A.B. asks: 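Before I ask anything, let me first share the structure, which is written out below as structure tokens.
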Amino acid sequence: MTKTGRKPAFAVCLTCKSTQVPQTIVNMGDAYYSAPFKEVAATMTESIGCSDCHNPADMSLRITRPALREAFQRMGKDIDKVSHQEMRTLVCAQCHVEYYFEKDTKKLRFPWDKGTDPEQVYAYSQEIGFSDWTHADTGNAMVKAQHPDYEMSMGGVHQTAGLSCADCHMPFIVEGNVKYTSHWMTSPLKHMEEACTVCHRRGVEELKARVFYTQDRVKEALDRAGWANAKVIKALVAAKNNPRADQAKLQRAMALQREAQWYWDWVSAANDMGFHNPQKALSTLSKSIDLAQEAYAKVAEALGVPEPQLSREEAKERPAPQNQ
Ligand code: HEC
Ligand code: HEC
Ligand code: HEC
Ligand code: HEC
């Protein structure tokens with residue numbers, strides 16, 4: 001058991017961490033996923049590498065992770081028929097996505113059966129009765145979001161304009177008379193001349209300021225959603241041991257808080273602080289705040305009071321804003 005209380009892991013956790021994984025899956029079949037982490041990790045000496053994205057025979061782009069291929073099949077799409085430009089995104093979507101493990105087999109699966117938006121992924125979790133962890137103080141069964149970078153970028157201004165992840169994260173670099181694709185997976189803000197100025201011609205500084213403007217606004221909303229959720233959690237804990245509380249109403253408040261936290265977590269777990277799709281980030285956070293408020297009101301209703309009674313310290317909603 002680790003400090004965070006996580007149980008010892010299964011081999012499935014290695015799926016995005018080593019270039020030896022695809023061959024190991026061929027060798028072991030689906031038994032790979034639930035094999036003991038330590039045993040399989042001991043056989044892996046390489047980190048992520050060329051063959052994760054390239055076919056060694058001709059260097060063309062390829063999909064090596066079964067979970068993405070299978071998710072496409074379930075959505076009725078043939079991943080072998082997508083355009084070259086889409087492949088420049090889908091190689092990244094092998095790992096930069098939301099996922100879960102099937103209950104008994106621990107098989108890696110993307111929860112996209114109803115679509116890739118956070119609402120659709122949540123509806124899917126509800127349908128299969130899924131939870132990742134139990135909140136220690138409220139006892140609520142929670143769903144954890146994991147880096148939904150691909151899902152967040154969908155419907156954003158750049159994805160809609162036809163850009164791929166590689167367009168910004170792997171721009172062409174010119175060195176002397178050699179032109180090549182950058183393979184430095186990092187923040188595009190470190191190479192804006194190469195990645196952005198093809199389209200944005202008003203200078204790197206102005207554009208960078210625009211990125212930070214967006215990210216600051218999303219961070220503020222993210223914190224507000226976080227504090228709204230923290231407040232409900234405190235109210236739920238206070239109400240839990242109150243003999244006067246209406247248990248059915250408290251259960252409803254728990255369900256609302258589970259959903260509220262999911263929307264906060266979705267934005268929090270994405271790596272871009274809202275840049276890939278500011279509209280979706282802010283609307284997702286607005287749902288989190290709205291649901292948290294509804295949950296808070298439900299706790300009050302369960303207690304038959306106008307507002308749950310919190311101490312002044314507990315009721316403190318959020319720290320002073322830092323960005324303005
Ligand atoms: C995360 C995925 C990924 C990994 C890992 C990766 N590449 Fe690439 N590579 C790409 C993408 C995307 C392109 C752009 C291909 C295109 O548009 O046709 C590319 C292009 C290339 C090209 C084409 C020439 C060029 O510069 O434009 C070569 C050669 C190449 N990669 C070699 C490698 C080698 C060698 C490794 C390992 C050291 C590697 N790649 C690892 C994704 C990857
Ligand atoms: C095989 C799985 C895998 C694939 C495929 C993959 N990544 Fe990643 N990526 C990771 C992991 C794991 C990390 C976290 C590394 C760490 O924290 O040390 C990461 C980190 C990153 C980071 C953050 C690096 C930093 O500066 O901290 C960027 C940016 C990134 N990836 C972009 C991409 C892009 C763009 C693609 C597609 C061209 C891609 N990745 C494909 C697994 C993958
Ligand atoms: C229009 C350009 C653009 C496109 C297209 C794009 N990104 Fe990004 N990405 C960015 C910018 C800008 C940031 C914010 C970087 C920062 O805050 O330093 C970012 C941040 C990230 C990060 C976090 C990087 C870090 O240093 O922490 C990851 C991971 C990432 N993007 C993955 C992806 C994936 C996967 C795709 C495709 C599904 C994608 N991006 C498409 C521009 C882009
Ligand atoms: C292939 C062209 C293209 C590239 C490359 C590109 N963008 Fe864009 N970007 C667009 C389009 C199209 C829009 C929509 C608004 C417009 O028409 O200006 C946009 C909008 C934006 C916006 C405003 C979004 C908003 O709603 O506030 C920002 C910020 C931005 N891009 C940053 C970047 C950054 C940073 C990079 C490089 C990492 C980049 N873009 C690369 C085409 C591109």
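Because only heavy atoms are used, hydrogens play no part in the values below, and waters and symmetry mates are left out as well, while side chains stay in. Computed from a predicted model, the values in this text were never measured in an experiment.
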A.B. asks: Give every donor-acceptor pair under 3.5 Å between a side-chain atom in residues 20-31 and any protein atom, sequence neighbours left out.
C.D. replies:
from  : atom 1 : to     : atom 2 : distance (Å)
Gln20 : OE1    : Thr45  : N      : 2.8
Gln20 : OE1    : Glu46  : N      : 2.8
Gln20 : NE2    : Thr43  : O      : 3.3
Gln23 : NE2    : Asn27  : OD1    : 3.0
Thr24 : OG1    : Gln20  : O      : 2.7
Asp30 : OD2    : Lys107 : NZ     : 3.4

A.B. asks: Output all residues satisfying salt bridge (charged side-chain N to carboxylate O under 4.0 Å, His left out) with Asp80, sequence neighbours left out; order by chain, then residue number.
C.D. replies: Arg69
A.B. asks: When clusters are formed by joining ILVMFWY residues with side-chain heavy atoms under 4.5 Å apart, either directly or through shared neighbours, do Ile233 and Trp264 land in the same one?
C.D. replies: no
A.B. asks: I need the minimum non-hydrogen distance between Pro111 and Tyr124, along with the two atoms involved.
C.D. replies: CB-CD2, 3.5 Å
A.B. asks: Going by the rule salt bridge (charged side-chain N to carboxylate O under 4.0 Å, His left out), which residues pair with Asp52 if we only count those two or more places apart in sequence or in a different chain?
C.D. replies: Arg65
A.B. asks: Check Arg258 against Ala141 and note the closest heavy-atom contact, atom names and distance.
C.D. replies: NH1-O, 3.0 Å
A.B. asks: Are side-chain heavy atoms of Met254 and His135 found at a separation under 4.5 Å?
C.D. replies: no
A.B. asks: Just to verify, what does Thr105 make a side chain to side chain donor-acceptor pair (under 3.5 Å) with, not counting sequence neighbours?
C.D. replies: Glu102
A.B. asks: Can you spot which of Gln257, Arg224, Lys234 makes a side-chain hydrogen bond (donor to acceptor under 3.5 Å, both in side chains) with Asn229?
C.D. replies: Gln257
A.B. asks: With sequence neighbours excluded, give me every salt bridge (Lys or Arg N to Asp or Glu O under 4.0 Å) pair touching residues 177-202.
C.D. replies: Arg202-Glu206
A.B. asks: Scan residues 118-141 for pairs that pass salt bridge (Lys or Arg N to Asp or Glu O under 4.0 Å), counting only residues two or more places apart or in two chains.
C.D. replies: Lys114-Glu127, Glu119-Lys287
A.B. asks: Walk me through whether His147 and Val97 qualify under side-chain contact (heavy atoms from CB on, under 4.5 Å).
C.D. replies: CA-CA 6 Å; His147 41 71; Val97 289; 5.7 Å; no
A.B. asks: Can you tell me if Asn277 and Gln159 form a side-chain donor-acceptor pair at under 3.5 Å?
C.D. replies: no
A.B. asks: CG of Leu61 to NE2 of His54: how many Å apart, nearest 0.5 Å?
C.D. replies: 6.0 Å
A.B. asks: Test side-chain contact (heavy atoms from CB on, under 4.5 Å) on Gln146 and Tyr100; report intermediate values, then the result.
C.D. replies: CA-CA 9 Å; Gln146 282 98 192; Tyr100 75 104; 5.9 Å; no
A.B. asks: Should the pair Lys77 and Phe72 be classed as cation-pi, given the thresholds of under 6.0 Å to the six-membered ring centre and 45° from the axis?
C.D. replies: yes
A.B. asks: Are side-chain heavy atoms of Gln85 and Asp167 found at a separation under 4.5 Å?
C.D. replies: yes
A.B. asks: Does a side chain donor of either Trp112 or Glu151 reach within less than 3.5 Å of an acceptor in the other side chain?
C.D. replies: yes
A.B. asks: Excluding sequence neighbours, so at least two apart, what forms side chain to side chain donor-acceptor pair (under 3.5 Å) with Tyr32?
C.D. replies: Thr15
A.B. asks: For Glu39, which residues count as a side chain to side chain donor-acceptor pair (under 3.5 Å) partner, sequence neighbours excluded?
C.D. replies: none
A.B. asks: Calculate, to the nearest 0.5 Å, the distance between atoms CG and OG belonging to Leu291 and Ser286 respectively.
C.D. replies: 9.0 Å
A.B. asks: Report the residues that fulfil side chain to side chain donor-acceptor pair (under 3.5 Å) with Glu259, sequence neighbours left out, ordered by chain and then residue number.
C.D. replies: Tyr263
A.B. asks: OG1 of Thr116 to CE of Met152: how many Å apart, nearest 0.5 Å?
C.D. replies: 11.0 Å
A.B. asks: Hydrophobic cluster membership, with links at side-chain heavy-atom distances under 4.5 Å among I/L/V/M/F/W/Y: are Leu163 and Ile173 in one?
C.D. replies: no
A.B. asks: At their closest point, which heavy atom of Leu303 faces which heavy atom of Arg244, and how far apart are they?
C.D. replies: O-NH1, 3.1 Å
A.B. asks: In Å, rounded to the nearest 0.5 Å, how long is the span from OG1 of Thr89 to NE2 of His96?
C.D. replies: 12.0 Å
A.B. asks: Keeping to residues at least two apart or across chains, list the salt bridge (Lys or Arg N to Asp or Glu O under 4.0 Å) pairs with something in residues 265-284.
C.D. replies: Asp117-Lys280, Lys144-Asp265
A.B. asks: Would you call Pro36 and Lys38 a side-chain contact if the rule is heavy atoms closer than 4.5 Å?
C.D. replies: no
A.B. asks: Measuring centre to centre across the rings, with the benzene-like ring taken for any Trp, is Phe10 within less than 6.0 Å of Phe101?
C.D. replies: no
A.B. asks: Taking all atoms of both residues into account, what is the closest heavy-atom pair of Gly274 and Thr214, and its distance?
C.D. replies: O-CG2, 4.1 Å
A.B. asks: Do Met75 and Met154 share a hydrophobic cluster, counting only Ile, Leu, Val, Met, Phe, Trp and Tyr and linking them when any side-chain heavy atoms are less than 4.5 Å apart?
C.D. replies: yes
A.B. asks: Does some side-chain heavy atom of Tyr150 sit less than 4.5 Å from a side-chain heavy atom of Phe110?
C.D. replies: no
A.B. asks: With no hydrogens and no angle check, is any side-chain donor or acceptor of Asn140 less than 3.5 Å from a backbone partner on Met142?
C.D. replies: no
A.B. asks: Once you round to the nearest 0.5 Å, how far does CG of Asp246 lie from CZ of Arg252?
C.D. replies: 13.5 Å
A.B. asks: Are Leu207 and Tyr213 connected in the hydrophobic side-chain network, where two residues link if heavy atoms are under 4.5 Å apart?
C.D. replies: no
A.B. asks: Just jot down the salt bridge (charged side-chain N to carboxylate O under 4.0 Å, His left out) partners of Glu301, sequence neighbours excluded, or say none.
C.D. replies: Lys249, Lys298
A.B. asks: Applying ring-ring contact (aromatic ring centres under 6.0 Å, His included), which residue pairs with at least one partner in residues 153-196 are found, sequence neighbours left out?
C.D. replies: His158-Phe275
A.B. asks: Taking all non-hydrogen atoms of both residues, which atom of Pro118 and which atom of Thr284 are closest, and how far apart?
C.D. replies: CG-OG1, 3.7 Å
A.B. asks: Heavy atoms only: give me the nearest Gln94-Cys16 pair and the separation to one decimal.
C.D. replies: O-SG, 3.9 Å
A.B. asks: Are any non-hydrogen side-chain atoms of Met185 and Met170 less than 4.5 angstrom apart?
C.D. replies: yes
A.B. asks: Could you walk me through whether Leu222 and Ser268 pass the side-chain contact (heavy atoms from CB on, under 4.5 Å) check?
C.D. replies: CA-CA 7 Å; Leu222 182 70; Ser268 180; 3.9 Å; yes
A.B. asks: Could you measure the distance from the OG atom of Ser51 to the CZ atom of Arg62? Nearest 0.5 Å is fine.
C.D. replies: 5.5 Å
A.B. asks: With the 4.5 Å side-chain cut-off for hydrophobic clustering, are Phe130 and Val121 part of the same group?
C.D. replies: yes
